[in-house]
Amino acid sequence: MDQDSYRMLRENVDEFCTRNVEPLALRIEREGMPRDLSAKSGAQGFNTATADPASGGSGLDRESYLLILERTARSSPSFAMYLMLQNSIACRILGASGKSDIIREIASGNKTTTVDILSLNESSSSPGNITISDGKVTGTIRTVILPSSDYLIFQHQDALYLAKGNDGIEILPALGFRGLGLGNVSLKERPVEKIAESGGAALIQETIRNSGREVAAMALGMTGRSIDMAIDYSRVRKTFGRPLKDYEPVAFQLSGFKAQEEHLRTMVFFSTARDEYIKPLATDLARRATKVALQVHGGYGYLEDFGVEKFYRDSMTLSIYFGPSKSDMRVLSREVYGEESGVI
Amino acid sequence: MDQDSYRMLRENVDEFCTRNVEPLALRIEREGMPRDLSAKSGAQGFNTATADPASGGSGLDRESYLLILERTARSSPSFAMYLMLQNSIACRILGASGKSDIIREIASGNKTTTVDILSLNESSSSPGNITISDGKVTGTIRTVILPSSDYLIFQHQDALYLAKGNDGIEILPALGFRGLGLGNVSLKERPVEKIAESGGAALIQETIRNSGREVAAMALGMTGRSIDMAIDYSRVRKTFGRPLKDYEPVAFQLSGFKAQEEHLRTMVFFSTARDEYIKPLATDLARRATKVALQVHGGYGYLEDFGVEKFYRDSMTLSIYFGPSKSDMRVLSREVYGEESGVI
Amino acid sequence: MCRRRAGLLDGTGKGVREVDFDFTEDQVKFREKAREFAEREFTPELARMFDREEKYPDEIRKKAHAEKVIDYSDPWKVLIAIEELCRQDAGLGISATVPYFGEEVIMLFGSDHLKEKYLNPVNEGRSMMGLAVTEPGGGSDVAGLKTTARKEGKNYIINGAKMFITSGSIADFFVMLVRTSEEEKRHHGLSAFVVESGFPGFKANKLKGKLGVRATDTAELELNNVVVPEENLIGEEGKGFYYIMTFFNISRIFVAGQGIGIAQGAFDRAISILKRKGREYYEKEDIQFAIADMATQLQAARLITYKAASYLFNFKPDPTVTSMAKKYAAETAVFVAEKALEITGVDGISSDLERFYRDAKILEIWEGTSEVEKLIISRNIVKEAQ
Amino acid sequence: MCRRRAGLLDGTGKGVREVDFDFTEDQVKFREKAREFAEREFTPELARMFDREEKYPDEIRKKAHAEKVIDYSDPWKVLIAIEELCRQDAGLGISATVPYFGEEVIMLFGSDHLKEKYLNPVNEGRSMMGLAVTEPGGGSDVAGLKTTARKEGKNYIINGAKMFITSGSIADFFVMLVRTSEEEKRHHGLSAFVVESGFPGFKANKLKGKLGVRATDTAELELNNVVVPEENLIGEEGKGFYYIMTFFNISRIFVAGQGIGIAQGAFDRAISILKRKGREYYEKEDIQFAIADMATQLQAARLITYKAASYLFNFKPDPTVTSMAKKYAAETAVFVAEKALEITGVDGISSDLERFYRDAKILEIWEGTSEVEKLIISRNIVKEAQ
């Protein structure tokens, strides 16, 4: 993508956010993603940014998609996570399974899809307890992001299944991405479609592994926005007769984060470094930056209204949902050592 | 520099180090830089790598010079610091002052030059106490790196002076770069040459400011070598019946440092990021990496013979000698805020 | 060495008192009582419910009072109760201990009239009080506050606003710091009053949507020509800043207690999740390293807090150690909650642990941000160094 | 709250003993004595000289003994002396306290014969001892050690090597842990002996060029058919591992004392450099933040160490707290020395501070690396959690 198209797309996404996401950001946190936002975002082609146009996708390149994630995460990380869940996770799996009908539904924003990714996370010990027979599924799938989705993709005994709707959701405490929620999904004798005979777990895991740069793009947006807010606040907020920005530790720390943000941007968009390397760097930066941004806001930072605390919650959640991955580390370690290492 | 020339130069420098530096590394720490090493290094063109060939320099490009610093720092950070002091600091100042005769002496390795850089460091409160009259200098110049140099460049009342020899050195404790030493240099009625009427402090400071990437290259070499040593050690050293490398925290931590080293290499050689940004990133990485490398070696790490403790000392020293610079931060902060900030 | 020590003691029989780290039997028993109360009353369901609905748990306040879990006759017991209650849930725990918040100001500096009229009902569980110092845009710069009290006859007329006031929309009255004169040294112009929420012109706007401690009540107060009788002035005019700073040197120790409680609660939950996950998970060295770091820092925070408490409760308060306790315990709560999530991953973040992570952060902000505590510590230390 | 507390005490007059953080007057006086000794004897010139020349300061050992700065009749005083001596200089400080290193093993588990023959001269300052456990390539894995002792008649024949042995080339004898049988549980096959450096076949190679604590002596020991009389076996065969682990649970507290001393010494020097630089330098907020963090962590390390000491010295040792003290004090020494250099910059790094930075690092390595301490802490804690 050349500089001009990059700038144009960026302006386009920013305008979309200013008009459609920013005003809803607090409502998204409190009440969840409104359906008409998915429709509007679908109209922009965001919901299926990278999917094949032949199956209803927008066919954008990865850089454009990363830019969409970064910019939307600045307004609402929940919304960005929604896009990522539809794009990087659901559409890629649906594409691989030839379910272009559902991709089209996602594209329009009429339907949402979720994938049971967290139970495959190494830190999860709750695979749920489902049984499938005669094309019907019964049991509970635990810790599902966006549990109220119209479609739910999950793996069972290595096959991949698609269920429509659900039979109840137990809402779980959700530290972050409250706009999507987190829940245990109950299924009772509910018809399921087997969309892959085998390799289900591997497909989901690979999809997550291939989303490292997307995760980093979200972290970049969260870092940038929260630091921008802190910088703005430090100009207007006075203490002991001087604006906060006049104090070295405030000014230098926030400026330092801006420099790190710029550097991360270069890495996300232009570097050839491995995604596994960029991802933890990015989530770590987001966690540190959002904590400082909240602290600079003092008591105001602790209030939802000011819009900074969500970045603190979401960055922590992002780093848990998408890492740290010991299998990534083991791969890296194998490369470095040229033999097995880190096995105990 | 294309990949091939890069590789060739690297092999060339590595071979020089294997033959001439590595075997002397411990001796350099204990007894200082042997004169014939400067001669050999001069023969390779390292002593005046970037200086103008017209004034006796080798006229290499910056990347080549950075590569020389990185690779030599792997064997002996003291030697690398010697090269940097001659090249980035002394030759640039001598070049600006038209002293190409001295550059030629440096090039051959027959003479060494030092510049009083530390008294201009913001953290220093010891500018010394010299007086100059009738072209003669008397007093003490404090905290001089390589105090036994043949030439000493210093600023006094903003003019720049060059003195030859000295009248005694008070050796100071030197945490790092012991091969060069650190001392207070006494001068008694010693003839000096004024090499610039004014702007002396600014010239030295600018020279240091322009050496950020060189500092980073040294940090890169120190990081790389110490981690390589730790990796090698972790293969052979067994504890509780298994090699250290089999333990996750060891293998993952060291592998993580290798990834960070690779990333830093990209930044030092290929990125357009500002030097002020790369430098603290690099020295910080070196400090963390060398500490871990020492710790992995256990008791052996604590012994000079094993060659890892010097990286621990030198990386800390590097970060003190060349930073952190509040003036750098103030410049960055001014850019970010678009106005004065961090002033109190 | 042990044997020699014995020899010495046997030989001299001195039995000198020396550094001692144990609580009395009475205190240990009280801790069990407080813990038992919290475990019984602060069920996970209730804690989640109050967190979700941002409601003040008045029933719990009453029960805690009735069962004497908050025993203000012994400050050690107050500290222990705060710890054990916050260990179970910070929102409910702070709510149960907060009705008395600010009490020491009246106790130490108020007239008998004020003590009788206002403190007795609080101590009998019939009334709630609060402390109103911070102002919108104010924060740590207490001396810069702008709300004014103007003398008119036998009354003061208060105008201004207060921000982030705990129990702001539910307390019956507040110890409020306001400006009574424009002195050159700004903090010399401040005075403390008892202001009832029922006074005309008093208005409280509850602040909804806090990151954590959502069971506690927080409000912005507006004061429009609020008439306060002169007998509600606490102590002397112009001494208010000093009174409040004295109070903070007490209350910071209790904030440190909140920190220890939250850290311990997060730690407990992490360990229990890890044990459920099984041996091959928690015996990984990286997990063990994290557990050791968490436990050590928690132990350290506990000891600094007890040291600060021991000094204060024995009438030799050490403001430096108090600020260290507040800062370090707050940091520890944030650190332990964060590590707890890291080592438990998806299991942890979808459990009550996430609430501890949100609750912990306030401790680095209220009653003196960590930055302010650090300035206090550093100034004192540099001053003392010869 | 303070007043109420007073009321309570006045009312009941119970005067119950509770958490107490103060040393006795006697201990405070002893601390002054130790500090005075260190300041007088450990001049910067001397400290630099011994650091540069890597010489053991035997004169200082003698003086310290003569002036009873090392008073082994009270373990608190040993701890206090270690702190105050290392605060002035770790190399000289450890050298002064190290002649007794390992003594507790014989004291607790050795025969009267061994105590009389070996310990009396040590305690009278006429002899030096050491502890020889670690082996080349060994380190923390004590149970895996390979040096063997084979019974022959009334003697044991020892063969093998020991590594990183403090006072290795100067001590008169060593408490040495060796393998006496090949048990399935490896640590059941270990026994402890008193081995004199004068025994034929004993050879020590001094290790030159340490990063820090360079005044202390460190050596590699070679043992070639060293004949040790059977009465030099300490306690029972096969119990050596247990004896040494018991010892480490004592000595780790003294290592923690070294950590506090080094940290305090680095801190002192940083503050004095900053004060010399002047107000506009040390009143910068970033400097103040660093000072506060250093001081707080130092306070915390002190308290954990005293807690572990208090438990041990009162015969209720808590190995978890002991390991916490060792780990945390070591970390604190490294952290404070590092920060001290950061905030003093060129002034600091060209002063004695640089030696504290080098000295500190050994504490994370010797007598159980920080990693090993963490495993101990974590295992104990997870075990105890229900």
Side-chain angles (χ1 to χ4, degrees), chain A residues 227-228 230-232 234-235 239-267 270-281 284 324-344, chain B residues 227-228 230-232 234-235 239-267 270-281 284 324-344:
Chain A
I227 294 299
D228 285 350
I231 286 175
D232 288 347
S234 76
R235 290 183 206 271
T239 187
F240 301 101
R242 306 280 302 239
L244 277 182
K245 73 162 182 61
D246 282 359
Y247 294 88
E248 271 187 8
V250 174
F252 291 179
Q253 203 175 17
L254 295 178
S255 303
F257 275 121
K258 282 306 281 183
Q260 291 179 69
E261 181 203 345
E262 274 321 307
H263 173 52
L264 178 60
R265 178 166 289 110
T266 311
M267 294 204 67
F270 308 110
S271 103
T272 54
R274 317 154 51 111
D275 292 10
E276 292 91 340
Y277 178 67
I278 298 177
K279 183 180 71 176
L281 207 92
D284 181 59
S325 172
K326 287 205 174 177
S327 58
D328 289 355
M329 283 310 296
R330 211 161 283 125
V331 170
L332 174 64
S333 197
R334 212 199 178 299
E335 264 177 42
V336 166
Y337 275 91
E339 60 180 321
E340 286 308 327
S341 53
V343 291
I344 48 176
Chain B
I227 293 298
D228 284 350
I231 287 176
D232 287 346
S234 75
R235 291 182 207 270
T239 187
F240 301 101
R242 307 280 302 239
L244 277 182
K245 74 160 180 62
D246 282 359
Y247 295 87
E248 272 186 8
V250 175
F252 292 0
Q253 203 174 15
L254 295 178
S255 304
F257 276 120
K258 282 306 280 184
Q260 291 179 69
E261 181 202 345
E262 274 320 308
H263 173 51
L264 178 61
R265 178 165 290 111
T266 311
M267 294 202 68
F270 309 110
S271 102
T272 55
R274 315 153 53 110
D275 291 9
E276 291 92 338
Y277 178 68
I278 298 177
K279 184 180 70 176
L281 206 93
D284 180 60
S325 170
K326 286 206 175 179
S327 58
D328 288 355
M329 282 313 294
R330 213 163 282 122
V331 169
L332 175 64
S333 197
R334 213 199 177 300
E335 263 178 43
V336 166
Y337 276 91
E339 59 180 323
E340 286 309 326
S341 54
V343 291
I344 50 174

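By convention in this document, chain letters (A, B, ...) are assigned in the order of the sequence lines, proteins followed by strands, and residues within each chain are numbered from 1.
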Do NZ/NE/NH1/NH2 and the carboxylate oxygens of A:E340 and A:R334 come within less than 4.0 Å? yes
Interface moiety of B:R330 toward chain A, non-hydrogen atoms closer than 4.5 Å: both
When only pairs under 4.5 Å are counted, which of A:M267, A:R235, A:R242 shares the most heavy-atom pairs with chain B? A:R235
State the OG1-CD1 distance between A:T266 and A:I278, to the nearest 0.5 angstrom. 10.5 Å
Specify which of A:E339, A:R274, A:E276 makes the most heavy-atom pairs with chain B at under 4.5 Å. A:E339
Under 4.5 Å from any heavy atom of chain A - which part of B:K245: both
For B:L244, is it the side chain, the backbone, both, or neither that has a heavy atom closer than 4.5 Å to a heavy atom of chain A? neither
Going from OG on A:S333 to CD on B:E248, what distance comes out if it is rounded to the nearest 0.5 angstrom? 9.0 Å
Can you tell which of B:K258, B:M329, B:E335 has the highest number of heavy-atom pairs within less than 4.5 Å of chain A? B:M329
For the candidates A:A251, A:S234, A:A259, A:G342, which exhibits the highest count of non-hydrogen atom pairs separated by less than 4.5 Å from chain B? A:G342
Portion of B:A273 that has a non-hydrogen atom of chain A nearer than 4.5 angstrom: neither
Residues passing the salt bridge (charged side-chain N to carboxylate O under 4.0 Å, His left out) test with A:D275, sequence neighbours excluded, are A:R62, A:R213
Chain A contact via B:E262 - side chain, backbone, both or neither, heavy atoms under 4.5 Å: neither
Does the pair B:Q260 and B:I227 meet the rule for a side chain to side chain contact (heavy atoms under 4.5 Å, CB included), with working shown? CA-CA 11 Å; B:Q260 291 179 69; B:I227 293 298; over 6 Å; no
Measure the spacing between OH of B:Y337 and CG of A:L254 and express it to the nearest 0.5 Å. 4.5 Å
CG of B:D328 to CZ of A:F252: how many Å apart, nearest 0.5 Å? 10.0 Å
Does any heavy atom of chain A fall under 4.5 Å from the side chain of B:Y277, the backbone, both, or neither of them? side chain
